[in-house]
Asks: 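So that we are looking at the same thing, I have put the structure below in structure tokens.
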Amino acid sequence: MEKTLKALISFHGKTYPGTHSIDILLKILFETGNKIPNEYLDFIDLNEYAIEYRYDFFDLNEQNLPDRNLIVKKVRKLIETAEIILQQK
């Protein structure tokens with residue numbers, strides 16, 4: 001997802017910092033004038049997994065884990081949407 005957001009940002013002629021922050025990347029993408037469907041805005045909730053848990057372990061038995069299947073569906077849809085946008089060039 002992170003790489004897809006970075007590709008879209010680059011497509012729109014913007015640069016991004018070296019970051020894993022989904023929140024920052026979505027904000028930069030929004031600043032390009034690209035309308036981000038609301039369904040992708042909840043990716044911000046995954047920010048802690050993109051940053052904090054990237055290098056640390058977390059408890060798989062934790063009760064508040066996000067719905068993995070739903071996330072996978074949304075990420076696949078984001079990638080498909082990005083591929084369509086990137087082919088417009």
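Remember, it's a predicted structure, so these values are computed and weren't measured experimentally.
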Asks: Would you list the pairs meeting salt bridge (charged side-chain N to carboxylate O under 4.0 Å, His left out) in which at least one residue belongs to residues 7-26, sequence neighbours left out?
Replies: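 Listed once each, the pairs are D23-K27.
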Asks: K73: what forms a side chain to side chain contact (heavy atoms under 4.5 Å, CB included) with it, not counting sequence neighbours?
Replies: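 K73 satisfies side chain to side chain contact (heavy atoms under 4.5 Å, CB included) with no residue once adjacent residues are dropped.
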Asks: For the residue pair L86 and A7, what are the closest heavy atoms and their distance?
Replies: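 Looking at all heavy atoms of both residues, the closest pair is CD2-O, 4.0 Å.
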Asks: Does a salt bridge link K6 with E2, judged by any charged N lying under 4.0 Å from a carboxylate O?
Replies: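 Salt bridge: yes.
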Asks: Within the distance-only criterion (no hydrogens, no angle test), does the side chain of T32 pair as donor or acceptor with the backbone N or O of L29 below 3.5 angstrom?
Replies: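 Yes: the side chain of T32 pairs with the backbone of L29.
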Asks: At their closest point, which heavy atom of I85 faces which heavy atom of F11, and how far apart are they?
Replies: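 That would be O-CZ, 3.4 Å.
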Asks: To the nearest 0.5 Å, how far apart are CD in E83 and CG in L8?
Replies: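 Between atom CD of E83 and atom CG of L8 there are 10.5 Å.
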Asks: Can you name the side chain to side chain contact (heavy atoms under 4.5 Å, CB included) partners of L70, sequence neighbours left out?
Replies: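 Residues passing side chain to side chain contact (heavy atoms under 4.5 Å, CB included) with L70: D67, K74.
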Asks: Looking at side-chain heavy atoms only, is the closest gap between M1 and L5 below 4.5 Å?
Replies: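 The answer is yes, as the side chains (C-beta and beyond) meet within the 4.5 Å cut-off.
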Asks: Holding to side chain to side chain contact (heavy atoms under 4.5 Å, CB included), I want the full list of residues that pass it with I24, two or more places apart in sequence or in another chain.
Replies: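 Listed in chain order: P17, T19, S21, I28.
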Asks: Once side chain to side chain donor-acceptor pair (under 3.5 Å) is applied, do any residues pair with K77, and if so which ones, sequence neighbours excluded?
Replies: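 Once residues adjacent in sequence are excluded, the partners of K77 under the side chain to side chain donor-acceptor pair (under 3.5 Å) criterion are E39.
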